[in-house]
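In the text below, chain A, chain B and the rest are named by the order of the sequence lines, each starting its count at 1.
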There are 2 protein chains.
Amino acid sequence: MNKNIGHYKKINQGSNILNNNLDITRLESIKNANSSKKVYDSTARMEDYLEVIFELVQNKGYATTVDISKYLNVRSPSVTKMVQRLDENGLLEYEKYRGIRLTEKGIQIAISTRKKHELLSEFFRLIGVDKETADKDAEGLEHHLHPESIKKLEKFVNFLKKNQELFNN
Amino acid sequence: MNKNIGHYKKINQGSNILNNNLDITRLESIKNANSSKKVYDSTARMEDYLEVIFELVQNKGYATTVDISKYLNVRSPSVTKMVQRLDENGLLEYEKYRGIRLTEKGIQIAISTRKKHELLSEFFRLIGVDKETADKDAEGLEHHLHPESIKKLEKFVNFLKKNQELFNN
DNA sequence: AAATAATGTTAGATTATACTAACATTTATT
DNA sequence: AATAAATGTTAGTATAATCTAACATTATTT
């Protein structure tokens with residue numbers, strides 16, 4: 001027994017317990033935010049792949065394993081693995097050694113992801129963030145937006161574009 | 001061989017290859033966003049735990065396994081495991097069956113995470129997103145913001161608060 | 001068309017996070 | 001103080017995503 005620490009609940013670090021009416025609003029917010037979501041939001045990464053595949057198809061007409069791996073900065077076996085999973089999920093059709101074709105569902109997800117990306121990136125640029133950072137952040141955020149937030153952000157970005165003189169960073 | 005698909009590169013889905021000067025700006029953005037190797041101090045999930053632990057310590061003076069698990073919506077063994085990892089990373093001090101104490105480094109990460117959360121949540125509320133959704137999205141986004149974006153968003157939110165009449169959603 | 005290069009896939013390992021079941025310790029109740 | 005309840009931990013399993021090494025297929029060069 002480490003006498004320096006003592007009884008469990010006595011490991012007391014913060015403001016005192018004197019304050020009995022706890023302000024747990026923040027904790028409740030966190031709880032609420034964590035209550036429904038799965039931590040392994042496997043769709044986030046799938047969306048990344050779909051987005052890149054879609055862009056490649058747009059640009060070159062097809063998406064190869066090597067190209068996908070290049071733009072996502074992963075190795076080719078990772079691409080093969082994910083592509084097989086996307087196929088199992090009906091987001092694309094995969095034929096070994098031959099190629100892939102996005103399904104309608106896959107295309108919809110890709111487009112929606114791209115739209116979020118563009119929206120976020122545009123917003124950050126509007127408030128003065130440099131393009132590179134804006135893009136990087138947009139990439140990180142695009143999977144975590146509620147439809148309502150997207151709608152509101154769209155409206156807001158539209159407003160902002162028309163009134164850029166209001167806020168000069 | 002599936003004759004329906006044919007030669008690899010002929011799986012051609014998008015706009016034609018005719019367009020030789022490819023617009024790969026979007027792809028380059030994605031590539032850039034994914035290129036920086038992840039040299040992280042703490043993962044997103046670690047930050048979640050630190051945030052909850054910090055809040056609990058603030059409110060009750062200590063953070064128990066059960067409470068942490070409750071607010072993060074995970075089971076207690078997951079908490080124990082993560083707490084041990086946070087200890088290994090020097091973000092808190094853990095003593096089996098006795099309790100935990102955040103280190104200075106852990107506190108800094110928790111505070112910074114909380115600030116981002118508050119900032120994002122406030123922003124979403126300012127543009128008309130309801131509190132619950134704002135919180136949920138903030139929780140998802142808070143780990144993915146570049147310091148520059150935070151700074152700019154702070155400035156912007158301050159401006160917005162002082163000029164709420166400008167944008168009425 | 002044979003040899004070489006490029007590309008794609010499989011197998012097996014690794015890390016992060018989570019879970020359940022079983023067990024250990026601490027706290028509360030009688 | 002003995003028992004029961006609550007809390008905390010370990011062990012073992014699962015999934016998502018990644019990697020390297022080895023192998024397979026397709027494309028290019030000679």
B:Glu51 and B:Arg114: salt bridge (charged side-chain N to carboxylate O under 4.0 Å, His left out), yes or no, with the steps? CA-CA 7 Å; B:Glu51 195 181 358; B:Arg114 178 169 89 178; over 6 Å; no
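- Checking the phosphate oxygens (OP1, OP2) of D:dT9, a side-chain nitrogen or oxygen of B:Tyr94 falls inside 4.0 Å.
- Distance CE (B:Met46) to P (C:dA16): 9 Å, rounded to an integer number of Å.
- Close to C:dT10, at under 4.0 Å from its OP1 or OP2, lies no side-chain N or O of A:Thr80.
- Residue B:Gln84 contributes atom CD, which lies 9 Å from atom C1' of D:dT10 at whole-angstrom precision.
- A:Gln84 is linked by a side chain to side chain donor-acceptor pair (under 3.5 Å) to nothing, counting only residues two or more places apart in sequence or in another chain.
- Both A:Tyr49 and B:Lys81 sit near DNA chain D, but only B:Lys81 has its closest nucleotide nearer the 5' end.
- If you measure from atom NZ of B:Lys70 to atom C1' of D:dG8, you get 16 Å, rounded to the nearest angstrom.
- Between B:Tyr97 atom OH and C:dA24 atom P there is a gap of 8 Å when expressed in whole angstrom units.
- Evaluated for a side-chain contact (heavy atoms from CB on, under 4.5 Å) with B:Met46, the options B:Leu86, B:Ile109, B:Thr113 yield exactly one hit, B:Leu86.
- A heavy-atom distance below 4.5 Å is found between the side chains of B:Phe159 and A:Leu166.
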Expected rows: protein N/O vs nucleotides 20-22 of chain C N/O, under 3.5 Å:
unit_1 : atom_1 : unit_2  : atom_2 : d
C:dT20 : OP2    : B:Arg75 : NE     : 3.3

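- Look at CD on B:Glu95: it is 17 Å from C1' on D:dT7, rounded to the nearest Å.
- Among the protein residues, B:Lys96 comes within range of the sugar-phosphate backbone only, with heavy atoms under 4.0 Å from sugar or phosphate atoms but none that close to a base.
- A:Asn34 places a side-chain N or O within donor-acceptor distance of the main-chain N or O of A:Ile30, the cut-off being under 3.5 Å.
- Nucleotide D:dT18 holds its C1' atom 9 Å from the CZ atom of A:Arg45, rounded to whole Å.
- Remark: aromatic rings of B:Phe123 and A:Phe123 are close, center separation under 6.0 Å.
- Taking atom CE of B:Met82 as the reference point, atom P of C:dA16 lies 9 Å away to the nearest angstrom.
- Counting to the nearest Å, the P atom of C:dA6 and the CG atom of A:Asp67 are 15 Å from each other.
- When all heavy atoms are compared, the tightest approach of B:His146 to A:Asp137 is N-OD2, 2.8 Å.
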